[in-house]
Amino acid sequence: MENKYKPRELEKKWQKIWEDSGIFKVTEDLNRKKYYLLEMFPYPSGKIHMGHVRNYTIGDVVARYKRMNGYNVLHPMGWDSFGMPAENAAIDHKIHPATWTNENIAYMRKQLKEMGFSYDWDRELSTCEPEYYRWEQLFFLWMYEKGLAYKKSSIVNWCRDCKTVLANEQVEAGLCWRCSKEVEEKYLDQWFFRITDYVDELLEYCDKLPGWPERVITMQKNWIGKSFGCEIHFPMAEGNDVIKVFTTRQDTVYGATFMLAAAELPLVMEMAKGKPVEKEVREFVDKVKKQDKLMRTSEYYDKEGIFLDAYCLNPVTKKRMPIFAANFVVAEYGTGCVMAVPTHDQRDFEFAKKYNLPLIVVIQPPNKSLNVHTMTEAYMEEGMLINSGQFNGMENMKALDAIAEYLESMGRGKKTIQYRLRDWGISRQRYWGAPIPIIYCDKCGTMPVPETDLPVVLPRDVELTGEGGSPLGKYKAFAETQCPKCGSAAKRETDTMDTFVESSWYFDRFCSPQCAEKPGLDRKKVGYWMPVDQYIGGIEHAILHLLYSRFYTKMLRDFGVLDFDEPFINLLTQGMVCKETAHCKEHGYLFPEEVKDDKCKHCEAAVTIGKSEKMSKSLKNVVDPDYLIKQYGADTARMFCLFAAPPEKDLEWSDQGVEGSFRFLNRAWRIVMDYRDDVEGVKSAGGGETLEGELKNLRRKTHQTIRKVTRDIEDRFHFNTAISAVMELVNALYLIERPAQEDKVARSVIRETIETVIILLAPIVPHVTAELWKALGYEGSLADVPWPAYDHEVAAEEEITIVIQVNGKVRSRMVVPVDEDGEKIKALALNDEKIVSLISGKKVVREIYVPRKLVNIVVQ
RNA sequence: GCCUGGGUGGCGGAAUUGGUAGACGCAAGGGACUUAAAAUCCCUCGAUACCUAGUAUCGUGCCGGUUCGACUCCGGCCCUAGGCACCA
């Protein structure tokens with residue numbers, strides 16, 4: 001073996017050894033504790049990026065660490081391979097989505113292998129294969145049967161550029177999450193999953209996920225948006241119709257002086273019909289619908305409304321309330337109608353002032369009196385009810401129940417609960433997705449495809465033009481079929497499923513990836529591995545993917561396929577990988593290689609270095625993993641990703657930092673190779689030796705390092721501090737005087753330290769450590785060497801530094817034996833040379849001794 | 001506006017339960033080795049002051065509080081990132 005660290009060569013060598021020996025393949029073993037470690041699988045977009053490298057490195061360290069701790073570790077990888085980019089590539093480059101996808105998969109698989117991740121590649125799955133999505137289609141049929149999948153016409157978010165329907169979650173501030181085009185509205189027949197059937201359980205279990213980050217739980221709770229309130233019925237002034245509203249503020253019902261309806265509601269035009277205002281109302285409604293398109297992007301626009309020339313009655317005051325259509329009322333929330341209480345709701349207040357509507361104060365603040373003529377804003381705080389009939393004098397918060405019950409007793413309302421969460425629209429007018437197994441027959445209606453006819457295979461030779469409409473719809477061989485019941489000509493559903501459906505159960509499939517028996521999940525195997533012990537992925541999936549996966553888990557449980565409630569016990573959301581940007585006035589954002597000496601390579605203009613932002617192709621602040629691997633090797637890339645920041649925080653990329661990591665690996669390599677001959681044939685120190693001086697210190701440091709690294713990984717995944725600790729140990733090793741050849745004891749201590757360094761780094765940098773392990777003469781696989789235990793006694797300090805404070809300020813230090821008596825330490829502190837001069841002439845009021853830490857002398 | 005995080009040297013970050021602020025790394029400076037350079041190894045490295053060795057004062061976004069003692073706990077404010085947002 002040559003004495004130089006050559007990462008490329010040795011990494012290839014070890015990757016081949018791991019692949020050939022198949023050491024990362026796992027099977028169920030009831031005698032061992034299982035550990036399922038999962039990283040969010042990637043969309044095969046072309047190449048892996050640094051975000052993947054970071055995510056998968058974190059996961060790999062934990063997987064390898066758990067393995068060394070004796071766990072039977074499941075660590076799979078696969079591909080979320082349906083989705084729009086493949087279809088866009090097909091249109092742009094005339095390449096079939098399947099070809100494009102599979103080429104990407106092949107390249108990215110190669111890249112992941114080059115990173116040395118310990119995946120069981122036998123379990124690899126790709127969601128665009130019929131072997132995968134056929135089970136998804138089966139689940140769909142079951143859902144259809146149970147009413148959990150249903151079809152309804154609805155306004156959907158439509159992106160003109162992507163020509164597709166977007167889920168609410170895919171709309172970000174009114175823009176398409178992918179292409180940032182403004183989202184429009186469109187009516188379409190859509191398939192929905194009734195996630196709202198599980199809304200209470202999804203919310204309730206948020207508090208039963210202690211292993212999830214608090215902020216993810218908060219985001220999920222907000223997304224579900226449960227609010228307790230009251231439905232109130234307002235009879236029309238004429239006729240027998242009733243307007244129902246939802247409110248959380250039924251305590252203010254006596255102050256409701258007018259009614260607001262969302263302009264889009266059909267109700268609005270019905271009320272205005274045949275009246276002189278009809279034309280005006282129609283114009284207003286049309287205007288609001290147009291406004292709506294721009295709505296979420298612009299600043300809040302003015303609160304506007306139009307009187308519908310209709311009245312309803314306040315059920316408690318019996319007063320006539322004019323009804324308005326308004327632009328700021330949300331049609332999809334509650335009933336789309338709102339009782340307006342201008343005195344206690346700011347929006348209603350502004351509206352009332354604009355249209356000169358009556359105000360009645362019903363909540364009296366504790367320290368002032370409200371006057372409807374002088375109020376400048378709504379009073380939204382708590383107070384005492386007034387002008388509220390029998391409820392006068394009650395605290396408004398306490399009246400909520402009483403008023404709800406009163407309304408109920410009148411038959412004018414009832415307590416209800418509202419959610420923000422809506423059902424999950426899964427229809428996509430796209431080609432590259434899992435077909436929905438439904439057939440439409442003129443005679444028999446909507447017919448599920450019989451289970452025996454599954455899978456409904458996505459046909460290959462479909463023409464993709466990029467023109468609107470569904471590509472499958474135009475492909476007759478697919479779209480035209482026979483009714484499974486009556487045999488007459490029928491049409492297939494040509495929409496495909498949202499790709500979030502595939503990612504909602506892939507973690508189950510990894511447990512039995514080849515299972516060809518219905519339902520595609522081997523109960524025994526899934527029962528052994530699931531739930532996932534540790535899930536790792538980006539925060540951007542905090543709502544969508546995680547909520548859908550939780551829903552799917554509960555639903556499959558109720559189908560009898562699974563027997564657990566939640567899929568992911570522990571969740572780690574890693575931060576983004578960021579880097580500063582470089583910008584040239586002339587040429588826009590620049591790649592790092594386009595900048596030389598702070599100048600643009602194209603035009604010599606000075607380059608503006610922008611703040612650090614998430615690496616992205618558009619900002620050109622990316623680092624190519626291929627380049628890193630080629631230049632430094634996978635171990636350096638892994639090491640830097642872990643060392644630069646704790647996993648949950650954003651990682652600030654630094655080329656010099658990468659150099660530093662590379663230097664450390666070289667440094668570790670050199671010291672091991674340097675001592676290689678010295679420690680050959682020597683046994684690692686194992687206690688029993690009598691040591692003193694620097695050898696004793698080294699051995700103590702070694703065991704302290706084991707303790708620190710174990711705790712940092714075990715308790716909190718803080719690999720950065722774990723690496724720091726190993727660096728310190730290596731530094732200590734460098735400072736040791738080289739022992740004489742005949743000093744066997746010294747050599748055994750050094751061997752122990754060297755072995756410790758290698759083992760502790762093994763999960764982090766598996767290639768270089770495997771090579772060094774072999775250099776020490778070991779033949780077995782380092783990945784299966786047991787994680788070391790530290791010796792309490794060896795790790796214990798003999799002497800400790802006690803800080804001496806006067807009035808809380810550090811004034812001196814002293815070194816005492818670790819078990820020194822507290823009284824004696826106090827006495828020593830008072831006699832300390834510096835302390836004596838500081839406290840002379842002053843009165844010692846108090847002495848505080850914190851064992852093993854400090855003495856604080858309080859003087860006056 | 002509301003809800004979460006976060007704010008510590010020139011930089012990334014340590015400080016695990018209220019007890020030595022700045023571990024480790026990067027950058028910078030110095031030294032050793034070398035014909036020389038690179039690489040490597042060793043040392044210094046928060047600010048200010050001083051007759052610069054040592055010692056003092058200040059210092060964890062800002063203001064106040066609790067405490068013998070606060071990066072850590074409490075109250076108020078500022079900045080910043082993310083999420084939600086006319087949800088009645």
Side-chain angles (χ1 to χ4, degrees), chain A residues 172-173 213-223 225 227 229-230 245-250 252 256 260 262 295-296 300-301 303 326-330 332-341 344-348 350-351 418-420 539-540 542-543 575-576 578 611-614 639-640 643-646 648-661 663-664 666-667 670 708 711-712 715-716 718 720-728 730-731 734-735 801-810 812-813 834 845-859:
Chain A
E172 291 169 351
E214 189 58 41
R215 60 180 178 145
V216 175
I217 295 289
T218 308
M219 279 156 80
Q220 293 229 333
K221 282 183 180 171
N222 289 344
W223 191 260
S227 40
C230 189
V245 304
F246 171 77
T247 183
T248 54
R249 294 297 307 276
Q250 62 269 25
T252 62
L260 295 169
M295 178 171 108
R296 296 176 189 89
Y300 301 153
Y301 44 71
K303 290 174 180 36
N327 62 347
F328 64 96
V329 178
V330 179
E332 296 84 26
Y333 186 76
T335 62
C337 295
V338 179
M339 70 172 198
V341 184
H344 304 294
D345 182 285
Q346 187 58 24
R347 296 159 299 189
D348 298 345
E350 286 166 30
F351 194 87
Q418 274 294 321
Y419 299 92
R420 221 184 67 95
I539 187 74
E540 65 271 24
I543 302 171
M576 299 181 298
C578 301
K611 64 168 183 174
S612 182
E613 297 193 66
K614 181 180 178 178
M639 165 109 174
F640 177 74
F643 182 62
E648 69 279 5
K649 282 183 75 170
D650 286 350
L651 186 152
E652 174 73 25
W653 195 265
S654 156
D655 292 329
Q656 283 164 333
V658 175
E659 287 276 354
S661 295
R663 264 206 298 272
F664 170 72
N666 273 288
R667 192 168 150 85
R670 271 192 308 272
K708 167 113 182 108
R711 286 182 183 168
D712 281 347
D715 299 349
R716 42 179 211 167
H718 276 209
N720 56 333
T721 50
I723 291 170
S724 294
V726 180
M727 283 174 167
E728 284 187 53
V730 170
N731 290 346
Y734 265 89
L735 293 177
T801 303
I802 298 283
V803 162
I804 311 173
Q805 298 181 334
V806 176
N807 289 344
K809 284 191 178 181
V810 179
S812 185
R813 292 177 171 84
K834 281 181 209 154
V845 182
R846 218 172 137 184
E847 291 163 55
I848 296 143
Y849 172 57
V850 181
R852 314 190 61 173
K853 299 269 185 200
L854 56 76
V855 177
N856 188 11
I857 300 160
V858 186
V859 296

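On a predicted model such as this, the values are computed, not experimentally measured, just so you know. Side chains are part of it too, since the values below use all heavy atoms of this structure and drop only hydrogens, waters and symmetry mates. Residue numbering restarts at 1 for every chain, and letters A, B, ... go by the order of the sequence lines.
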- request: Look at the side chain of Asn856(A) against the base of rC68(B) and say whether a donor-acceptor pair falls under 3.5 Å; ignore hydrogens and angles.
  value: yes
query: rC3(B) base to Lys221(A) side chain: any donor-acceptor pair below 3.5 Å?
result: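 A donor-acceptor contact between them is absent.
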Look through every strand shown and name the nucleotide pairing with [N] as Watson-Crick or G-U wobble, where both distances are under 3.5 Å.
N	answer
rU40(B)	rA32(B)
rC2(B)	rG83(B)
rU16(B)	none
rA47(B)	rU57(B)
rG25(B)	rC11(B)
rU72(B)	none

Under 4.0 angstrom, heavy atoms only, what part of the nucleic acid is [X] near: base, sugar-phosphate, or nothing?
X	result
Ser654(A)	nothing
Pro213(A)	nothing
Val810(A)	sugar-phosphate
Val329(A)	base
Val858(A)	sugar-phosphate
Gly660(A)	sugar-phosphate

Between [X] and [N], is there a contact of a side-chain N or O with OP1 or OP2 at under 4.0 Å?
X	N	answer
Arg663(A)	rA27(B)	yes
Arg215(A)	rA81(B)	no
Lys809(A)	rA56(B)	no
Arg420(A)	rA85(B)	yes
Asn731(A)	rC24(B)	no
Arg846(A)	rC68(B)	yes
Arg667(A)	rA39(B)	no
Tyr333(A)	rA88(B)	yes

- request: On RNA chain B, check which nucleotide each of Arg347(A) and Met576(A) is closest to and give me the residue with the more 5' one.
  value: Met576(A)
field: Which residue lies more 5' along RNA chain B, comparing Asn666(A) with Gly808(A) via nearest heavy atoms
entry: Asn666(A)
- prompt: Does the side chain of Arg420(A) pick up a donor-acceptor pair with the side chain of Asn222(A) at under 3.5 Å?
  reply: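 No donor-acceptor contact under 3.5 Å links the two side chains.
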Can you tell me which nucleotide in [options] comes closest to the side chain of [X]?
X	options	result
Glu652(A)	rG12(B), rU40(B), rG19(B)	rG12(B)
Thr801(A)	rC84(B), rU20(B), rC87(B)	rU20(B)
Phe643(A)	rA88(B), rC24(B), rC3(B)	rC24(B)

- prompt: Does rG9(B) fall in syn (glycosidic angle within 90° of 0) or anti?
  reply: syn
What is the distance from [atom1] of [X] to [atom2] of [N], rounded to the nearest Å?
X	N	atom1	atom2	answer
Leu735(A)	rC42(B)	CG	P	6 Å
Lys303(A)	rC87(B)	NZ	P	9 Å
Asp715(A)	rA14(B)	CG	C1'	16 Å
His718(A)	rC24(B)	NE2	P	19 Å

- request: Mark yes or no for whether Asn720(A), through its side chain, and Ala644(A), through its backbone, hold a donor-acceptor pair below 3.5 Å.
  value: no
message: I'd like to know if the side chain of Glu652(A) reaches the main chain of Cys578(A), judged simply by a donor and an acceptor atom lying under 3.5 Å from each other, with no hydrogens or angles considered.
response: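 Pair absent, no side-chain N/O of Glu652(A) close to backbone of Cys578(A).
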- request: May I ask you to check if Lys303(A) and Phe328(A) form a cation-pi contact, with NZ or CZ under 6.0 angstrom from the six-membered ring centre and within 45° of the axis?
  value: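 The answer is yes, since Lys303(A) meets both limits relative to Phe328(A).
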Which residues share a side chain to side chain contact (heavy atoms under 4.5 Å, CB included) with Ser661(A), sequence neighbours left out: Thr636(A), Met639(A), Phe640(A)
